[in-house]
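See below for the structure under consideration.
Since the structure is predicted, the reported quantities are computational estimates derived from the model, not experimental observations.
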Amino acid sequence: AEYESARRAGANRYVFIRDGAQLPQDVEKFIRRQQKGEIVYRYFANTAELKTHLHKSLRVSVVRSSRHTLISRRERYQ
């Protein structure tokens, strides 16, 4: 429910998958379907790698959002 609400709202969605994880078939299908959309997904081997992927993903999202905001403001005032 949370994921679908985020999708409908256009929020960034992140899927981090542990390397070698044995995922149930329905979860694998879900991930494959989501990979075709606008999500960020990464595989990680350990907690440090997960932390790195998460921070990088959030940083990219903040930069993208800031750029979008700046462009919108410029367009309004031109």
Side-chain angles (χ1 to χ4, degrees):
E2 231 177 85
Y3 186 89
E4 280 303 312
S5 294
R7 185 190 62 75
R8 283 193 300 274
N12 294 317
R13 289 153 348 259
Y14 308 95
V15 177
F16 298 104
I17 307 160
R18 182 179 295 276
D19 281 335
Q22 295 296 321
L23 303 174
Q25 190 175 10
D26 61 327
V27 173
E28 287 181 8
K29 286 180 183 177
F30 171 80
I31 291 170
R32 277 195 302 274
R33 282 193 316 267
Q34 298 311 306
Q35 288 172 340
K36 296 175 185 173
E38 295 181 11
I39 68 161
V40 172
Y41 69 96
R42 299 282 182 268
Y43 292 89
F44 66 94
N46 54 50
T47 305
E49 199 170 90
L50 172 61
K51 185 177 178 180
T52 298
H53 287 324
L54 180 59
H55 286 170
K56 184 176 180 180
S57 296
L58 292 173
R59 205 170 34 247
V60 167
S61 292
V62 167
V63 169
R64 186 179 296 136
S65 177
S66 297
R67 287 179 180 159
H68 178 74
T69 300
L70 285 172
I71 290 168
S72 294
R73 286 181 184 167
R74 286 180 183 162
E75 289 172 350
R76 264 188 282 164
Y77 295 111
Q78 288 183 357

Next on the checklist: Students often mix this up, so state it plainly: with edges at 30° and 60°, are the rings of F16 and Y14 parallel, tilted or perpendicular?
Outcome noted: parallel

Tell me, yes or no, whether the heavy-atom count around [X] atom [atom1], taken from other residues, nucleotides or ligands under 6.0 Å, exceeds 12.
X	atom1	result
R74	CZ	no
Y41	OH	no
Q25	CD	no
R73	CZ	no

Next on the checklist: Is any side-chain heavy atom of F44 closer than 4.5 Å to one of R18?
Outcome noted: yes

Next on the checklist: I want to check something: taking the side chain as every heavy atom from C-beta on, are R64 and H68 in contact at a cut-off of under 4.5 Å?
Outcome noted: no

Checklist entry - Same hydrophobic cluster for Y43 and V40, using side-chain heavy-atom links shorter than 4.5 Å among ILVMFWY? => result no

Item to check | Transitive ILVMFWY side-chain link I39 to V60, under 4.5 Å | outcome: no

For the [atom1] atom of [X] and the [atom2] atom of [Y], what is their distance to the nearest 0.5 Å?
X	Y	atom1	atom2	result
H55	L50	NE2	CG	9.0 Å
Q34	R7	CD	CZ	7.5 Å
Q35	F30	CD	CZ	10.5 Å
S61	R13	OG	CZ	11.0 Å

Item to check | Heavy-atom donor-acceptor pair, T69 side chain to S65 backbone, under 3.5 Å | outcome: yes

Item to check | Closest approach of L23 to E28 (non-hydrogen atoms, all atoms of both residues) | outcome: O-OE2, 3.3 Å

